[in-house]
Amino acid sequence: MTETAPGAQEFVPSGPPDLDELRAAAAGCQGCHLYQDATQTVFGRGDAGAKLVFVGEQPGDQEDRQGLPFVGPAGHLLRRAVDEAGLPVEHLYITNAVKHFKFKQSGPGKRRIHQSPDRIEITACRPWLVAEFAALRPDVVVVLGATAAKALLGPSFRVTQSRGTVLPWPESAQRPQDFPVEPAKLVATIHPSAVLRADDRQTAYSGLVADLKVAAAALAA
Ligand code: SF4
């Protein structure tokens with residue numbers, strides 16, 4: 001693990017933000033060490049005119065291989081929850097706080113095991129998230145899990161305490177040097193992978209859908 005990382009900023013194109021341009025530039029990002037072992041950058045995807053943006057943690061094994069976010073089991077579960085909550089799946093954009101897969105390999109088959117990105121990696125990758133927000137100018141941002149919450153809301157934010165309510169854009173994120181984008185409404189909830197890991201999956205899934213219904217209401221307001 002590196003103690004410092006140069007960060008993604010020098011790889012972000014200047015000029016008016018354009019998602020296709022950003023995606024192409026992010027493919028060559030070396031803003032932290034995570035690009036070295038991952039297969040490829042996994043940038044956000046979805047409707048370029050989306051007013052609803054989902055932010056997850058980082059790509060998983062399947063996302064890393066396919067180059068697309070939320071295509072694994074957690075993504076399928078999220079798609080089902082989005083449908084059930086009445087959110088417009090064709091008009092949303094989904095991305096991650098960190099764009100490369102962080103993992104360690106272990107066991108005889110060298111299985112790739114997910115590792116949560118640390119504060120340095122989250123900070124290093126944040127310019128891509130800022131640029132995506134600048135291109136999209138979302139009305140509602142759904143924060144999926146603790147890593148995305150740390151990227152957007154700071155280290156002290158607790159998803160378990162503040163999930164499922166409409167939150168104001170955090171003051172710290174309004175400082176131009178931190179997050180120079182227009183404020184949006186925020187709704188935090190658990191990451192869909194937490195539903196897959198839960199002992200009581202049905203209850204966890206129902207909680208996720210309930211939180212997404214809050215986002216649906218915020219979008220309609
Ligand atoms: S994780 Fe983010 S900052 Fe690090 S190399 Fe990948 S795209 Fe760049």
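Atoms within each ligand, like the ligands themselves, are counted from 1 in listed order.
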Rounding to 0.5 Å, atoms CD (Q115) and CD (E121) come to a distance of 8.5 Å
Would a distance-only check, ignoring hydrogens and angles, find a side-chain to backbone donor-acceptor pair under 3.5 Å from K150 to P155? no
Nearest-contact summary for atom 4 (Fe) of ligand 1 - protein heavy atom, Å: C32 SG, 2.3 Å
What atoms of ligand 1 come closer than 4.0 angstrom to any heavy atom of W128? 7 (S)
Kindly indicate whether a cation-pi arrangement holds for R112 with F103, taking the cut-offs as under 6.0 Å to the six-membered ring centre and within 45° of the axis. yes
Is atom 4 (Fe) of ligand 1 less than 2.8 Å from an N/O/S atom of H33, whether that atom is in the backbone or a side chain? no
Going by the atom numbers of ligand 1, which of them fall below 4.0 Å from some non-hydrogen atom of V98? 1 (S)
Backbone of A27 reached by a side-chain donor or acceptor of Q40 within 3.5 Å: no
Decide whether V143 and W169 are clustered together by the hydrophobic rule: side chain heavy atoms of Ile, Leu, Val, Met, Phe, Trp, Tyr closer than 4.5 Å, transitively. yes
Does A124 have a heavy atom less than 4.0 Å from any atom of ligand 1? yes
For Y205, is the NZ or CZ atom of R80 found under 6.0 angstrom from the centre of its six-membered ring and inside 45 degrees of the ring axis? yes
Starting from atom 6 (Fe) of ligand 1, locate the nearest protein heavy atom and write down its residue, its atom name and how far away it is, to 0.1 Å. H100 ND1, 2.1 Å
Closest to atom 8 (Fe) of ligand 1 among protein heavy atoms sits C29 SG, 2.3 Å
Taking the ring of H191 and the ring of F54, is the distance between their centroids below 6.0 Å? no
Regarding C125, does it place an N, O or S atom less than 2.8 Å from atom 6 (Fe) of ligand 1? no
Just heavy atoms, cut-off under 4.0 Å: does F11 contact ligand 1 by side chain, backbone, both, or neither? neither
